[in-house]
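Working notes for the structure below.
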Amino acid sequence: MTVKNTFMKDFLKMTLASLTGIILATIVFIFLGAILLVGMVSSSDAETVVKKNSVMLLDLNGKLVERRPETTIFEELFRVGSTATYGLDEILSSIRKAKENDNIKGIYIQAQSLSAPYASLQEIRQALTDFKESGKFIVAYADYYTQRLYYLSSVADKVILNPQGSVEWQGMAAQPTFYKNLLDKLGIDIQVFRVGGYKSAVEPFIATEMSPENRQQISEYIGSIWNTMLTDISASRQLPVDSLSSLADRMLMLKDAELTLQAGLVDTLMYEMDVRDYLRTTWLELDKDKKFPVLDLEAMYNVRRHVPKDKSGHVIAVYYAVGDIVSSDGGTGEAIASEKMIRDLRKLQQDENVKAVVMRVNSPGGSAYASEQIWHAVKELKAEKPVIVSMGDYAASGGYYIACIADTIVAQANTLTGSIGIFGMIPNLKGLTDKIGLDFDVVKTNKYSDFGNLTRAFNAEESEIMQEYLNQGYALFLNRCAEGRGVSAEEIHSVAQGRVWTGDKALELGLVDVLGGLDTALEIAIRKAGVEKYTVIAYPEKENLLSSLLSSSSSRSIESRLLKENLGGYYSDFMLLKNLQEADQIQARLPFELHLK
């Protein structure tokens with residue numbers, strides 16, 4: 001009895017000690033986590049003090065998105081993701097602040113590797129061109145210039161290349177990926193219904209090469225983007241367009257850097273370790289041993305703008321509509337969820353302080369049904385206050401659907417837009433089920449009770465019904481665009497049929513009104529609002545570190561960023577296949593294969 005009592009007493013002591021240790025460790029962890037969290041929040045809000053002879057560092061090595069998402073607490077604690085993410089909005093704001101601040105003397109571009117579409121690069125390039133009007137300098141350096149970053153960096157006063165480096169300058173190409181043979185091997189047949197000979201989003205699933213129509217439109221829009229690049233670089237580098245085009249055929253990237261210098265693509269050859277001495281003595285006119293402050297983007301985010309504080313209460317809202325258009329946000333990745341966007345637009349409509357709305361659309365499209373719901377919400381908003389659309393890299397198909405009713409549409413010359421058409425894809429899994437030995441039978445009360453059954457092909461009558469349904473959807477799409485643009489449906493049809501256009505061509509065709517970026521759209525909105533004093537506020541509000549603790553979307557955000565890092569250009573294709581079952585079967589979206597070199 002005594003031994004038993006002693007054992008029980010020792011057991012209880014050990015159990016109590018273990019529980020106490022766990023509780024204390026949990027308290028310590030929470031305490032340290034709270035300190036870390038407060039530190040992160042306070043450091044992110046600390047204002048940057050700009051010293052004399054400062055230089056803004058534009059270190060580009062990562063990926064570019066419309067708005068940089070706030071880092072979640074989970075990412076801060078566990079360092080999820082290794083690729084730097086830059087927000088276009090914050091880069092543009094930083095360049096603007098650098099222009100205004102007298103203590104910032106110039107911008108130093110370190111061009112490493114940036115995943116970014118050409119329209120966004122053009123917008124940054126335009127901001128840098130505007131920056132140069134202040135009389136301040138821009139110097140660019142790279143060990144190796146990618147074609148995209150050379151386009152961006154060519155605006156600099158001096159373009160510097162490593163003596164052992166090179167410039168990728170070889171022209172543009174688009175390489176679609178086709179899945180038909182893979183699907184055939186799996187026994188999956190994709191039943192396609194579409195309106196528009198140029199609606200090529202379905203081609204990867206039903207063909208092994210581009211259709212003549214798709215080849216034509218791709219040739220035209222990559223030619224348009226290339227010509228824009230040639231024109232911009234020609235103006236900056238004082239090189240004839242023909243000469244630049246000829247240089248692309250010489251593959252200078254695989255030849256001695258001296259030839260690139262002689263060709264005029266760069267101004268001088270220099271090792272990176274010598275560039276700051278060059279900045280110090282040549283551009284800042286400081287002694288060689290004199291240090292100068294360098295402000296990276298993180299520091300620039302917290303530089304205060306020199307603008308008077310607005311007390312009018314007037315708001316110009318910038319609403320970001322970025323990603324695939326879906327009915328509800330239940331998937332992975334950026335998306336324009338129609339249910340949420342409609343609620344947000346209704347709030348902006350009812351807010352008397354909001355005098356105009358700039359809708360920043362960067363979307364390849366998506367659900368035709370969701371696009372129609374958003375179109376109606378934008379129309380209701382427009383009835384109350386000016387709505388200006390600023391198109392980003394893509395505003396095509398469903399992205400154009402939600403934009404077409406705006407008062408004014410602004411696009412970059414390199415924006416991909418149009419693609420006015422719809423399609424439906426319904427898989428037939430009969431071949432797959434036969435391969436794995438599954439059989440199905442059906443009992444039904446009516447003729448079409450099992451319409452949409454994935455274990456068999458559509459019959460002729462069902463196919464006719466489905467095609468008629470898409471024809472009606474296409475007619476509605478044409479009418480929505482016609483109403484927005486103030487022309488007939490027939491005129492829209494002549495430039496529609498699923499065809500993709502660049503922004504400069506869309507301007508000629510009347511699909512957009514003005515070429516320019518977000519700043520251009522803001523200027524138009526302010527003018528239409530008729531206000532002199534105002535505050536620009538971005539919507540939807542970003543999730544901060546504290547709210548991320550309570551958010552159910554944090555894990556989805558982390559998953560999305562990891563997938564993007566590992567899949568790169570194939571991320572969109574993967575998400576299409578991943579969400580095929582849950583997605584609306586009728587889609588109005590850009591072709592999936594727009595991966596441009």
Side-chain angles (χ1 to χ4, degrees), residues 58 60-66 86-89 91-92 95 109 111-129 140 142 145-156 167-176 217-237 241 244-245 248 265 322 360-364 390-396 399-400 410-419 500-507 511-512 514-521 568-569 571-572 590-597:
L58 194 55
L60 300 176
N61 187 26
K63 59 184 178 182
L64 184 70
V65 296
E66 274 289 336
Y86 305 94
L88 175 62
D89 58 334
I91 288 180
L92 297 177
I95 295 171
I109 301 172
Q112 298 190 60
S113 177
L114 184 68
S115 174
Y118 284 103
S120 289
L121 293 173
Q122 186 177 28
E123 193 146 0
I124 297 173
R125 200 178 188 281
Q126 289 167 347
L128 291 170
T129 301
Y145 284 98
T146 65
Q147 185 162 274
R148 293 170 189 261
L149 285 186
Y150 179 73
Y151 170 58
L152 176 65
S153 301
S154 63
V155 73
V167 175
E168 179 189 47
W169 185 247
Q170 61 190 93
M172 295 190 63
Q175 184 176 3
Q217 73 171 348
I218 290 179
S219 296
E220 290 188 8
Y221 69 65
I222 68 172
S224 177
I225 294 172
W226 178 240
N227 286 333
T228 298
M229 290 176 61
L230 290 173
T231 301
D232 290 347
I233 294 173
S234 174
S236 296
R237 301 294 304 163
V241 168
L244 284 169
S245 184
L265 292 180
V322 180
R360 176 71 170 186
V361 179
N362 197 342
S363 171
S390 169
M391 291 182 168
D393 304 304
Y394 311 101
Y400 189 79
V410 182
Q412 289 287 4
N414 286 339
T415 296
L416 293 180
T417 187
S419 193
V500 179
W501 306 101
T502 53
D504 56 353
K505 189 63 178 179
L507 179 66
L511 294 176
V512 306
V514 180
L515 292 184
L518 184 57
D519 284 348
T520 302
Y571 174 77
S572 297
L590 197 67
F592 299 113
E593 71 274 8
L594 299 184
H595 306 312
L596 301 182
K597 174 126 177 100

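Residues take their numbers from the sequence shown, with the count starting at 1.
Contact between L518 and E123 at its shortest, heavy atoms only, is N-OE2, 2.6 Å. Contact between A127 and L92 at its shortest, heavy atoms only, is CB-CD2, 3.7 Å. Minimum heavy-atom separation, L88 to L64: N-CD1, 3.8 Å. A pairwise comparison of heavy atoms in I109 and S153 identifies CG2-OG, 4.0 Å as the closest pair. Between S236 and R125, the closest heavy-atom pair is OG-NH2, 2.8 Å. The minimum heavy-atom distance between Q147 and M229, with the atom names listed, is CG-CE, 4.0 Å.
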### Task
Quick one: do L60 and L152 satisfy side chain to side chain contact (heavy atoms under 4.5 Å, CB included)? Show the steps, please.
CA-CA 11 Å; L60 300 176; L152 176 65; 3.3 Å; yes
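With T129 as the fixed residue, the side-chain contact (heavy atoms from CB on, under 4.5 Å) test singles out one of D232, V155, I124: V155. Of the candidates D393, N414, T415, N362, S120 forms a side-chain hydrogen bond (donor to acceptor under 3.5 Å, both in side chains) with just one, namely D393.
T146 is linked by a side chain to side chain contact (heavy atoms under 4.5 Å, CB included) to Y144, R148, L149, E168, counting only residues two or more places apart in sequence or in another chain. Under the side chain to side chain contact (heavy atoms under 4.5 Å, CB included) criterion, A521 pairs with V358, I388, S390, V410, sequence neighbours left out. Under the side chain to side chain contact (heavy atoms under 4.5 Å, CB included) criterion, Q126 pairs with Q122, Q412, not counting sequence neighbours. Residues passing the side-chain hydrogen bond (donor to acceptor under 3.5 Å, both in side chains) test with Y86: none are found, sequence neighbours excluded. Qualifying side chain to side chain contact (heavy atoms under 4.5 Å, CB included) partners for D504, counting only residues two or more places apart in sequence or in other chains: S224, T228, A413, T502, L515. Partners of W169 by ring pair (Phe, Tyr, Trp, His ring centres under 6.0 Å), not counting sequence neighbours, listed by chain and number: Y150, W226.
Looking at K505 and E220, their side chains never come closer than 4.5 Å, going by heavy atoms from C-beta outward. Using a 4.5 Å heavy-atom threshold, the side chains of L121 and L114 count as touching. The shortest distance between side-chain heavy atoms of L416 and I225 falls below 4.5 Å.
Once rounded to the nearest 0.5 Å, the distance linking CE of M391 with OG1 of T417 reads 3.5 Å. Taken from OG in S234 to CG in N227, the straight-line distance is 11.5 Å, to the nearest 0.5 Å.
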